[in-house]
Every structure is written in structure tokens, then in C-alpha cells.
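Heads up, the thing below is written out as C-alpha cells.
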There are 2 protein chains.
Amino acid sequence: MSGVPAIDPNGAELVYVQVANHMAARIESGEWEPNRRLPPERELADFYGVSYDSVRRATAMLREQGLIVTVHGRGTFVKPRH
Amino acid sequence: MSGVPAIDPNGAELVYVQVANHMAARIESGEWEPNRRLPPERELADFYGVSYDSVRRATAMLREQGLIVTVHGRGTFVKPRH
DNA sequence: CTGTATTTGTTCGTATGTATT
DNA sequence: AAATACATACGAACAAATACA
């Protein structure tokens, strides 16, 4: 029903890692297609029920992994796999 | 008296609530008359010595309270009392 | 009609304080 | 002590709507 991903603050995995994993899965699954703009970071924080800080850590991971690209003032985009 | 609005960043009340309260008082007092356009949000931020973000939060409160109306690209106006 | 200036709207970036682990 | 997590606030970049010459 929910469709809302369960981020468990008391889970074995760190909150921001849980968020990063879930976001990566959405990219892998094609829910977020290449070149598409992701929801704003603050919206994602709301969506996942976590702090902006945690989303920032999560997106930092995905950026390091080359999955996304972020542009100041514009948004975050799914990087096409070359 | 002072004319200088003392927004205390370390006060018990949140910054944007302090700003909202001060703005509401200016409307109540008649300093800002009905249908008048308020100073631009960024100017208010300067005036109060707070961030644009805080002014946005404050005006959002006043909009919810029905004290002001904002039009994209035009400005923010004091709502006439019914 | 075509710019240009003004003003609000959106989004990412950074800093700080507190609490918890 | 150090890292995580949350909340607030400030700052910067990008964008859209409006007005007007």
C-alpha cells in the first residue's frame, strides 16, 4: 500500500546508505531514466522521512559512484551510461 | 520606538516567526495599509538582517493567515480586511 | 515586438547547534 | 572522541512572471 520506502532509523545500515541504495535501485530499475531530473533534495528528504543532511550524504555517494550529476540551482540528473 | 526591529537569532522564537510577528504588527498598526505593496522580499531580508529563506517562511505564514497576497513577478500586497 | 529591469519562485550549497550513539 | 542524524538558518545560482519603455 504505502509505496513509501521504509527507511529504518534503527536498522543495521546507516540511514544515508539506505537512502542511497534505494535511490540507486530506482535508477537501475529505470524508474528514473537517464538525463531525467530527480526530485529536489528537500523533497526527497520529505519522501524518505529523513533529514536533508542524510539526503545530501546519499547523493554524495551516488555522485562518487558516477550515477548522478548535480548542478547548482538546477537540480540533480541521472547520468546516462556511456 | 526603535524602528529597528530586533530579530534575535538566539532568541527563544524561531527567526522566521519573529519576522512574521513583526510584519503582522506593521500591518495591524496601519504602517502597511490595505492594498499597499510591501517591500520586495529580498529588501525585507536586508531590513531585518535575516536570510531570504527566513522572509519566505515568514510571508508563507502571513499568507496562510490571510494577511497578505503574493503575485509572482509583481509583489506582495496587504489584503484588505473584509 | 523586443528587449530590459523588477520581483517572486525554485533548487543546490554551506554552516551551526543539539542530541544520540 | 567521533560520526551520524536532525533542524534551523544563511548563501548562491538558476528560473519564471510581470511591467514597461
For this session: Scan A:Tyr16 against the nucleic acid and name what it touches under 4.0 Å (heavy atoms): base, sugar-phosphate only, or nothing.
Result: sugar-phosphate
Looking at [X], does any N or O in its side chain come under 4.0 Å of the phosphate oxygens OP1/OP2 on [N]?
X       : N      : result
B:Ser54 : D:dT8  : no
A:Arg42 : C:dT10 : no
B:Arg37 : C:dT7  : yes
A:Ser51 : D:dC6  : yes
B:Arg74 : D:dA17 : no

Exercise. Parallel, tilted or perpendicular for B:Phe47 and B:His22, by the 30°/60° rule?
Worked result: tilted
Problem set entry | For D:dA1, the Watson-Crick or wobble counterpart (both distances under 3.5 Å) | none
Exercise. Does A:Arg57 come within less than 4.0 Å of A:Asp53, counting only side-chain N to carboxylate O?
Worked result: yes
For this session: Spell out, yes or no, whether A:Tyr16 and A:Leu62 are grouped together once hydrophobic residues are joined by side-chain heavy atoms under 4.5 Å, including indirect joins.
Result: no
Rounding to an integer number of Å, can you tell me how far [X] [atom1] sits from [N] [atom2]?
X       : N      : atom1 : atom2 : value
A:Leu38 : C:dT11 : CG    : C1'   : 13 Å
B:Ile7  : D:dT8  : CD1   : C1'   : 15 Å
A:Phe77 : C:dT11 : CZ    : C1'   : 10 Å
B:Arg57 : C:dT10 : CZ    : P     : 14 Å
A:Asn10 : C:dT20 : CG    : C1'   : 11 Å
A:Asp53 : D:dA3  : CG    : C1'   : 11 Å
B:Met61 : D:dT8  : CE    : P     : 13 Å
B:Tyr52 : C:dC12 : OH    : C1'   : 15 Å

Nearest of [options] to any side-chain atom of [X]?
X       : options               : value
B:Thr70 : C:dT8, C:dC12, D:dA5  : C:dT8
B:His72 : D:dA9, D:dA17, D:dA5  : D:dA17
A:Pro40 : D:dT8, D:dC10, C:dC12 : C:dC12
A:Leu14 : C:dT8, D:dA5, D:dC10  : D:dA5

Exercise. Is B:Glu28 atom CD crowded by more than 12 heavy atoms from other residues, nucleotides or ligands, each under 6.0 Å away?
Worked result: yes
Exercise. Taking atom OG1 of B:Thr70 and atom NE2 of B:His72, what is their separation to the nearest 0.5 Å?
Worked result: 11.0 Å
Seminar exercise, completed: Residue pair A:Val17/B:Val50 against DNA chain D: nearer the 5' end by closest nucleotide is A:Val17
